[in-house]
J.: 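Let me give you the structure first, and then I'll get to my questions.
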Amino acid sequence: MKSRKIFFILSAVSVLFYSCSDDSNPGPTGVTPGCLVTSYVDPLEISFRRVVEYNSEGKPTEIKFFDENTEGSAFARAKITYNAQGSLSRMDVLEGDFLYAYIEYVSNNSGLVISSQEFTFTDEDTFEANPLGYFIYRYDNEKRLKEKVLPPNQYNSDSIRFRHSYNSQGNRSAYTAVESGNESVHRTFSSYDTKTNFYTLSPVLQFIHEDYSLNNPTAMSIEGEPRVFEYEYDAENSLPVSVAVQIGPDLASYAITYDCK
């Protein structure tokens, strides 16, 4: 069961971004620049709670993963390191003290990740790292992730292209995948609020979650399944402090916490 959770974490952390605004949408206002998100459940995944630790520069150095409704220690953690230029360099995914997998990143001179290579340890006896996936990242003129490419490999005979589309308000409108000329729509976003998306507080978390939207989604669908979100906000910083997620008849609420200097 734990190994299945770890694999889901590895899948989640292999997706990552940055955002700008235009004259038609000046973006959220009232955000305290010193705020960092410290605990959250991603409203699109709602699988487990993440607790984030930062270095003195405000960059995430460790993300701990907890079952949402379980007290106790984290079942896994991701340790994040940076190169001498301050760009994302490596992420280690650990179960206890066992290094389950890691991802190595290559960035351009602007600090944007342009490729990543994932490795996993499937044999604890030999402890050999096995390549799992190599990705190429492409960005639009506003430095938002627009395409993540999985080139052909031993598992896929053709490239798979994961694409993000954005609307004029600076929010993501669709997430699609193209393989062998066939496009499938995985996520569509139909409406947003006007408050700050907490992922904008950290370019690294934006990249990890591939979420460069300026605002928070209020209605969307995943694989055709509708989801509705309702938020409570901190009046001082214009940030969501809780999100209620409705999927069909099921409704659950999750807290979001911050450290604001």
Side-chain angles (χ1 to χ4, degrees), residues 6-20 22 42-45 47 78 80 87-91 93 101-120 129-192 197 199-200 202-215 217 219-227:
I6 302 292
F7 183 80
F8 187 84
I9 290 171
L10 185 61
S11 300
V13 300
S14 66
V15 291
L16 308 111
F17 24 125
Y18 220 173
S19 65
C20 296
D22 54 30
D42 184 274
L44 304 189
E45 297 173 8
S47 300
I80 304 169
S87 299
L88 188 62
S89 175
R90 175 168 164 145
M91 181 182 295
V93 180
Y102 66 92
I103 307 173
E104 294 181 338
Y105 302 99
V106 175
S107 300
N108 61 17
N109 292 335
S110 299
L112 297 173
V113 175
I114 56 175
S115 67
S116 68
Q117 175 70 67
E118 302 175 9
F119 298 89
T120 186
N130 301 305
L132 184 62
Y134 176 79
F135 291 94
I136 298 169
Y137 303 89
R138 299 191 175 107
Y139 301 83
D140 63 16
N141 292 334
E142 297 183 14
K143 297 182 179 181
R144 300 176 301 194
L145 184 67
K146 69 175 183 179
E147 186 175 71
K148 181 177 70 174
V149 181
L150 176 64
N153 54 36
Q154 67 268 36
Y155 307 109
N156 305 293
S157 59
D158 196 6
S159 296
I160 303 177
R161 300 177 181 274
F162 303 95
R163 293 174 174 170
H164 297 273
S165 302
Y166 302 91
N167 61 26
S168 60
Q169 285 72 48
N171 294 314
R172 183 167 43 165
S173 57
Y175 175 66
T176 62
V178 180
E179 183 177 8
S180 301
N182 299 314
E183 183 175 34
S184 56
V185 179
H186 289 280
R187 297 176 179 180
T188 57
F189 301 82
S190 52
S191 62
Y192 285 81
N197 177 358
Y199 288 132
T200 64
S202 169
V204 174
L205 292 182
Q206 281 185 312
F207 175 69
I208 289 175
H209 290 281
E210 296 186 8
D211 190 345
Y212 287 82
S213 294
L214 293 176
N215 310 120
M220 64 167 298
S221 65
I222 298 179
E223 305 289 351
E225 178 184 65
R227 291 191 181 188

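All values below come from the heavy atoms of this structure, side chains included, with hydrogens, waters and symmetry mates left out.
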J.: Which pair of heavy atoms, one from E104 and one from F119, lies closest together, and at what distance?
T.: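 What the structure gives for the nearest pair is OE1-CE1, 3.9 Å.
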J.: With respect to Y137, which candidate in S115, S107, S116 satisfies the side chain to side chain donor-acceptor pair (under 3.5 Å) definition?
T.: S116
J.: Output all residues satisfying side chain to side chain donor-acceptor pair (under 3.5 Å) with T176, sequence neighbours left out; order by chain, then residue number.
T.: E183
J.: Under the side chain to side chain contact (heavy atoms under 4.5 Å, CB included) test, which residues partner S184, sequence neighbours left out?
T.: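 Residues passing side chain to side chain contact (heavy atoms under 4.5 Å, CB included) with S184: A177, H186.
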J.: Search all heavy atoms of V185 against all heavy atoms of E223 and return the closest pair with its distance.
T.: O-OE1, 4.2 Å
J.: If you round to the nearest 0.5 Å, how far is OH of Y175 from CG of D211?
T.: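 Going from the CG atom of D211 to the OH atom of Y175 covers 12.0 Å.
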J.: Donor-acceptor pair, distance only, cut-off 3.5 Å: does the side chain of S165 make one with the backbone of S173?
T.: no
J.: Starting at CZ of R90, measure out to OH of Y105 and round the result to the nearest 0.5 Å.
T.: 11.0 Å
J.: Sequence neighbours excluded, which residues qualify as salt bridge (charged side-chain N to carboxylate O under 4.0 Å, His left out) partners of D158?
T.: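 Checked D158 against salt bridge (charged side-chain N to carboxylate O under 4.0 Å, His left out); zero matches.
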J.: Parallel, tilted or perpendicular: which describes the rings of Y199 and H209, with under 30° parallel and over 60° perpendicular?
T.: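 Because their plane-to-plane angle is under 30°, the rings of Y199 and H209 count as parallel.
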J.: Rounded at 0.5 Å granularity, tell me how far CG in L214 sits from CD in Q169.
T.: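 Taking CG in L214 and CD in Q169, the distance rounds to 9.5 Å.
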J.: If I take atom OG from residue S89 and atom CD1 from residue I80, how far apart are they, to the nearest 0.5 angstrom?
T.: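 Going from the OG atom of S89 to the CD1 atom of I80 covers 11.5 Å.
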J.: Nearest 0.5 angstrom please: K146 NZ to Y139 OH, how far?
T.: 12.0 Å
J.: Please report the closest heavy-atom contact between L145 and H164, naming both atoms and the distance.
T.: O-CB, 3.5 Å
J.: Just jot down the side chain to side chain donor-acceptor pair (under 3.5 Å) partners of S191, sequence neighbours excluded, or say none.
T.: T218
J.: Measuring from atom CZ of F189 to atom CZ of R227, what distance do you get when rounded to the nearest 0.5 angstrom?
T.: 10.0 Å
J.: Tell me, please, which residues at least two apart from R161 pass salt bridge (charged side-chain N to carboxylate O under 4.0 Å, His left out).
T.: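 Partners of R161 under the salt bridge (charged side-chain N to carboxylate O under 4.0 Å, His left out) test: E147.
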J.: Applying side chain to side chain contact (heavy atoms under 4.5 Å, CB included), name anything that partners S221, two or more places apart in sequence or on another chain.
T.: T188
J.: Going by salt bridge (charged side-chain N to carboxylate O under 4.0 Å, His left out), name the residues that satisfy it together with R187, two or more places apart in sequence or in a different chain.
T.: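 Salt bridge (charged side-chain N to carboxylate O under 4.0 Å, His left out) check on R187 returns nothing, list empty.
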J.: Output all residues satisfying side chain to side chain donor-acceptor pair (under 3.5 Å) with S190, sequence neighbours left out; order by chain, then residue number.
T.: none
J.: Is it true that a side-chain atom of S213 and a backbone atom of R172 form a donor plus acceptor pair closer than 3.5 Å?
T.: yes
J.: Closest approach of Q117 and G133, non-hydrogen atoms and distance?
T.: NE2-O, 3.1 Å
J.: So, using side chain to side chain donor-acceptor pair (under 3.5 Å) as the criterion, who are the partners of E225 when residues are at least two apart?
T.: none
J.: Please report the closest heavy-atom contact between Y192 and N215, naming both atoms and the distance.
T.: CD2-O, 3.5 Å
J.: Which pair of non-hydrogen atoms, one from S159 and one from P151, has the smallest distance, and what is that distance?
T.: OG-CA, 3.8 Å
